**Student:** 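Structure in structure tokens, see below.
On a predicted model such as this, the values are computed, not experimentally measured, just so you know.
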2 protein chains.
Amino acid sequence: MLRLSKLTDYAVVVMVRLGRGEAVQTSPCIAAATGVPEPTVAKVLKILSAAGLVASHRGARGGYRLVRPLDAVPIADIIAAIDGPIALTACVDGGTSCEAQGLCPMRGRWDPVNRAIEAALAGITLADMADPGPTFAAPGEAAALGPRALPLSALHVAE
Amino acid sequence: MLRLSKLTDYAVVVMVRLGRGEAVQTSPCIAAATGVPEPTVAKVLKILSAAGLVASHRGARGGYRLVRPLDAVPIADIIAAIDGPIALTACVDGGTSCEAQGLCPMRGRWDPVNRAIEAALAGITLADMADPGPTFAAPGEAAALGPRALPLSALHVAE
DNA sequence: GATAAGGGGACCGCAACGGTCCTGTTTCGT
DNA sequence: ACGAAACAGGACCGTTGCGGTCCCCTTATC
Ligand code: FES
Ligand code: FES
């Protein structure tokens, strides 16, 4: 399905949330605001922090803040941070994983495809996905609607 | 990793192989020619046949043949056939799978991303991946050979 | 009628992913 | 100085989907 991991989706939600309100926010706070379970939020933030997309401050009154503004973060960065480098096949550009590269007819064959996708993903920033206008009309109580396990959604950037 | 299934990779190899030699070829023949195990080739061909990308002829002296020439088959079709419709997230355009669509702030957020990828994938045909002649002259970076034990490769369109 | 080939499944092992939890370590507030 | 708050980092499983194989049936040629 060419689908990306659910964590990536969460990461987008979390990042967008970080773009609102206080500059520095804690993971429990974000979890409460977004409706995403707290451990998962923490995990996502750790990964994002390791990738340098967010900065962390430890200790009491600590939290996370954005390093770059939302409009300077292409989703390609998020995907790369969570799902690893963008590579459709095992044999990526360098092809460091294959043995007989000189003989394999598929060598580098997927590269243009990878490039195209990478370009497409680099052209869209989080700001584009955040809220391009006043269309965001359902604050707060949206989270209350998900008493059950919230299957795949739970993507609420509640205010 | 945004990776696509191995089957898709096989499918490309098989399709390219179908573009060579005899117009109609049997799956054992293709398996022998490509080095891909026969059952897998058969599986791939069944899927491709169901998707209408190849035509099959049953009975003795049967086999498969291409419906469209290679340059008329964008890889998007292959991916769609094997991995299913191209959709990065669970909530696709229509969002038929989600319950509280009206409240979810991510509704349709990924759509532009999907479109971009779809467009990128539609712009490259199998012919582009087959063997565009001697044009594939990778510069100096021939990459150091990694003596591996053929992890995922075996993608040989042997002649 | 025998044989060669595709059609459509069922089946199982494995690896990756999602999700949770626990045990440090750091910093701020009192 | 002490304790609480919050991040860091990993360990830990259940589940899922995928890759791969096999079997039996139908179809068409010889
Ligand atoms: S998660 Fe499905 S519409 Fe939001
Ligand atoms: S499969 Fe790796 S270079 Fe061909």
**Student:** Heavy atom of residues 38-55 of chain A under 4.0 Å from DNA chain C: which residues?
**Tutor:**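 Contacts with DNA chain C under 4.0 Å: Thr40(A), Lys43(A).
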**Student:** Run the numbers on Thr125(B) and Val73(B) for side chain to side chain contact (heavy atoms under 4.5 Å, CB included), then give the verdict.
**Tutor:** CA-CA 5 Å; Thr125(B) 72; Val73(B) 181; 5.8 Å; no
**Student:** Applying side chain to side chain contact (heavy atoms under 4.5 Å, CB included), run through Trp110(A) and Asp9(B) and close with a yes or a no.
**Tutor:** CA-CA 9 Å; Trp110(A) 285 95; Asp9(B) 204 344; 3.3 Å; yes
**Student:** Would you say that Val14(B) contacts Leu45(B) through its side chain, given a criterion of any heavy-atom pair below 4.5 Å between the two side chains?
**Tutor:**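 The answer is yes; the side chains approach within 4.5 Å.
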**Student:** Starting from Val41(A), can I reach Val24(A) by hopping between I/L/V/M/F/W/Y residues whose side chains sit under 4.5 Å apart?
**Tutor:**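 Unlinked, Val24(A) and Val41(A) end up in two clusters.
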**Student:** Whole-Å distance between dA6(D) P and Arg65(A) CZ?
**Tutor:**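 Rounded to the whole Å, the gap is 18 Å.
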**Student:** Rounded off to whole Å, could you give me the CG-to-C1' distance for the Leu7(A) and dG19(C) pair?
**Tutor:**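 Atom-to-atom, Leu7(A) to dG19(C), this comes out as 9 Å.
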**Student:** Could you tell me whether the phosphate oxygens of dG19(C), OP1 or OP2, come under 4.0 Å of any side-chain nitrogen or oxygen in Tyr10(A)?
**Tutor:**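 For dG19(C), OP1/OP2 do have a side-chain N/O of Tyr10(A) under 4.0 Å.
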**Student:** Using side-chain heavy atoms (C-beta onward) and a distance below 4.5 Å, is Met15(A) in contact with Val54(A)?
**Tutor:**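 Yes, close enough: below the 4.5 Å cut-off.
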**Student:** Provide a list of protein-nucleic acid N or O atom pairs under 3.5 angstrom, restricted to nucleotides 3-5 of chain C.
**Tutor:**
unit_1 : atom_1 : unit_2   : atom_2 : d
dA4(C) : N3     : Ala60(B) : N      : 3.3

**Student:** Expressed as a whole number of angstroms, how long is the span from Ile82(B):CD1 to dG17(D):P?
**Tutor:**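 Distance, rounded to whole Å: 18 Å.
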**Student:** For dG17(D), take OP1 and OP2 only and decide whether either is under 4.0 Å from a side-chain N or O of Ser5(B).
**Tutor:**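 Checking Ser5(B) against dG17(D): no side-chain N or O falls below 4.0 Å of OP1 or OP2.
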**Student:** May I ask you to test the Leu18(A)-Gln25(A) pair for a side-chain heavy-atom distance under 4.5 Å?
**Tutor:**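 Yes; the side chains approach each other to less than 4.5 Å.
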**Student:** Just by distance, no angles: are the side chains of Ser5(A) and Asp83(A) close enough, under 3.5 Å, to form a donor-acceptor pair?
**Tutor:**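 Distance-only check passes for Ser5(A) and Asp83(A).
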**Student:** Output the rounded distance in Å from CG (Leu4(A)) to P (dA16(C)).
**Tutor:**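 That distance rounds to 18 Å.
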**Student:** To the nearest angstrom, how far is Lys6(A) atom NZ from dA16(C) atom P?
**Tutor:**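 Spelled out: NZ on Lys6(A) to P on dA16(C) is 19 Å.
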**Student:** Sequence neighbours left out, cut at 3.5 Å: what donor-acceptor pairs do the side chains of residues 61-70 of chain A make with other protein atoms?
**Tutor:**
unit_1   : atom_1 : unit_2   : atom_2 : d
Arg68(A) : NH1    : Ala72(A) : O      : 3.3
Arg68(A) : NH1    : Asp77(A) : OD2    : 3.4
Arg68(A) : NH2    : Asp77(A) : OD2    : 3.0

